[in-house]
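These notes concern the structure reproduced below.
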Amino acid sequence: MKIRTKHVTMGAAVSAVLVAALAGCGSGGGADAGGSLSVDRVVELAEGVGKDGADACPVPYDAGKAAEAADLDEGIEAGAAGAEAGEPMATGEGGRTTDPQSPFAGKAGGIITCSYHVGGEDLTVHTVGTEAGSATNYLLPTAQQAGGMSVEDVKSFGTQAYDAKPGDTVASKGGNVVTVRLDSGGKGDVALLLTVGEDDKSALEPDQVAELARTFAAQAK
């Protein structure tokens with residue numbers, strides 16, 4: 001079964017214990033590694049795309065170069081595998097809002113989700129930024145679902161992502177979920193999360209997934 005949900009709300013997949021344990025993780029933002037993307041830019045792009053979506057990813061990711069860098073046998077195509085006509089390739093959420101239903105209520109932040117496929121597998125690139133806290137935390141439910149993680153596994157994944165320096169990769173046990181922290185310019189925190197396949201399984205090798213994530217991350221701007 002294909003994972004059609006692009007990302008999952010925090011409350012839907014991760015226990016309150018996990019959220020509390022990771023909520024205190026603060027912002028990073030080093031330099032000289034990975035891509036460079038400010039929180040303000042993420043918010044701008046997310047608001048521009050909106051929930052109705054767009055036909056192209058607003059972040060200038062070059063999927064062809066990523067496929068070449070990862071030495072894939074097949075190219076990366078835009079859109080989810082089996083996407084219906086008119087289904088958007090990219091969606092966005094967040095911004096500057098006081099809406100209590102938004103995970104970014106009271107603080108600037110956003111998530112941009114760009115859908116691709118390689119062969120018959122969905123490959124999704126999420127770009128997330130927040131002015132407060134750890135950016136990766138907002139996508140832990142997505143990582144948990146795609147990586148088939150236990151609560152302890154996703155807690156460890158989130159902790160490693162928080163401790164990572166810009167440009168470093170953190171992968172799930174099976175290697176089909178990889179996050180890369182980006183250089184946010186010293187303000188807030190920005191990260192990329194790449195998922196391929198489902199339930200911690202993919203036709204791609206873990207090192208290929210990691211190289212895809214690194215290459216996409218280096219293109220972020």
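Here the structure is a predicted model, which means the values were calculated and not measured. In this chain, residues are counted from 1 in sequence order.
One distance of note links CD1 of Ile111 with CG of Leu45; it measures 13.5 Å at 0.5 Å rounding. Remark: Glu205 CD to Leu72 CG distance equals 11.0 Å, nearest 0.5 Å. Remark: Thr91 OG1 to His126 NE2 distance equals 8.5 Å, nearest 0.5 Å. Atoms OG1 and OH, from Thr179 and Tyr162 in turn, are 14.5 Å apart once rounded to the nearest 0.5 Å. Atoms CG and CG, from Leu192 and Leu37 in turn, are 9.5 Å apart once rounded to the nearest 0.5 Å. Atom CG of residue Asp122 and atom OG of residue Ser115 lie 7.0 Å apart, to the nearest 0.5 angstrom.
Between Thr142 and Thr124, every side-chain heavy-atom pair lies at or beyond the 4.5 Å cut-off. Here the side chains of Val209 and Asp207 are not in contact, with every heavy-atom distance at 4.5 Å or above. With a 4.5 Å cut-off on side-chain heavy atoms, Thr130 and Val190 do not count as touching. The side-chain heavy atoms of Leu123 and Thr195, taken from C-beta on, include no pair separated by under 4.5 Å. Residues Lys221 and Ser36 form no side-chain contact, since every pair of their non-hydrogen atoms from C-beta on lies 4.5 Å or further apart. In this structure, the side chains of Pro58 and Ile112 come closer than 4.5 Å at one or more pairs of heavy atoms. Using a 4.5 Å heavy-atom cutoff, the side chains of Pro60 and Gln219 are not in contact.
Here Glu47 pairs with nothing under the salt bridge (Lys or Arg N to Asp or Glu O under 4.0 Å) rule; sequence neighbours left out. Phe157 is linked by a ring pair (Phe, Tyr, Trp, His ring centres under 6.0 Å) to nothing, counting only residues two or more places apart in sequence or in another chain. Judged as a side chain to side chain contact (heavy atoms under 4.5 Å, CB included), and not counting sequence neighbours, the contacts of Ala78 are Met89. Checked against side chain to side chain contact (heavy atoms under 4.5 Å, CB included), Asp200 has the following partners two or more places apart in sequence or in another chain: Ser172, Lys173, Asn176. Residues forming a side chain to side chain contact (heavy atoms under 4.5 Å, CB included) with Glu77 (at least two apart in sequence, or on another chain): His117.
Between Arg214 and Glu211, at least one side-chain nitrogen of the basic residue sits less than 4.0 Å from a carboxylate oxygen of the acidic one, meeting the salt-bridge criterion. With respect to the salt-bridge test (charged N to carboxylate O, under 4.0 angstrom), the residues Lys155 and Glu152 do not qualify.
Evaluated for a side chain to side chain donor-acceptor pair (under 3.5 Å) with Arg181, the options Thr136, Asp168, Thr169, Asp189 yield exactly one hit, Asp189. Each of Leu204, Val177, Leu212 was checked for a side-chain contact (heavy atoms from CB on, under 4.5 Å) with Val196, and the lone residue meeting it is Leu204.
Listed by first then second residue, pairs satisfying disulfide (SG to SG under 2.5 Å) with a partner in residues 164-221 number zero, not counting sequence neighbours. Within the structure, disulfide (SG to SG under 2.5 Å) pairs that include any residue of residues 179-216 do not occur (at least two apart or interchain). Residue pairs meeting the ring pair (Phe, Tyr, Trp, His ring centres under 6.0 Å) criterion with at least one member in residues 78-105, sequence neighbours excluded: Phe104-Tyr138. Among pairs with a residue in residues 39-83, those fulfilling ring pair (Phe, Tyr, Trp, His ring centres under 6.0 Å) read Tyr61-Phe216, at least two apart in sequence or across chains. A ring pair (Phe, Tyr, Trp, His ring centres under 6.0 Å) check over residues 172-214, counting only residues at least two apart or in different chains, returns nothing. Counting only residues at least two apart or in different chains, disulfide (SG to SG under 2.5 Å) contacts with residues 110-173 comprise Cys57-Cys114. Under the disulfide (SG to SG under 2.5 Å) criterion, no residue pair touches residues 132-221, with sequence neighbours excluded.
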Next item on the list: Might you work through the side chain to side chain contact (heavy atoms under 4.5 Å, CB included) test for Lys187 and Ser38, ending with a clear yes or no?
Entry: CA-CA 7 Å; Lys187 178 183 178 182; Ser38 70; over 6 Å; no
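A donor-acceptor pair under 3.5 Å is formed between the side chain of Gln208 and the backbone N or O of Ala70. A donor-acceptor contact shorter than 3.5 Å is absent between the side chain of Glu131 and the backbone of Val39. A donor-acceptor distance shorter than 3.5 angstrom exists from the side chain of Glu87 to the backbone of Glu84, with no hydrogens or angles considered. Using a distance-only test at 3.5 Å, with no hydrogens or angles considered, a donor-acceptor pair links the side chain of Asp62 to the main chain of Gly64.
A donor-acceptor contact under 3.5 angstrom links the side chains of Asp153 and Ser150, judged on distance only.
Closest approach of Pro206 to Gly174, counting heavy atoms only: CG-O, 3.7 Å. Between Gly129 and Ala135, the shortest heavy-atom contact is CA-CB, 4.4 Å.
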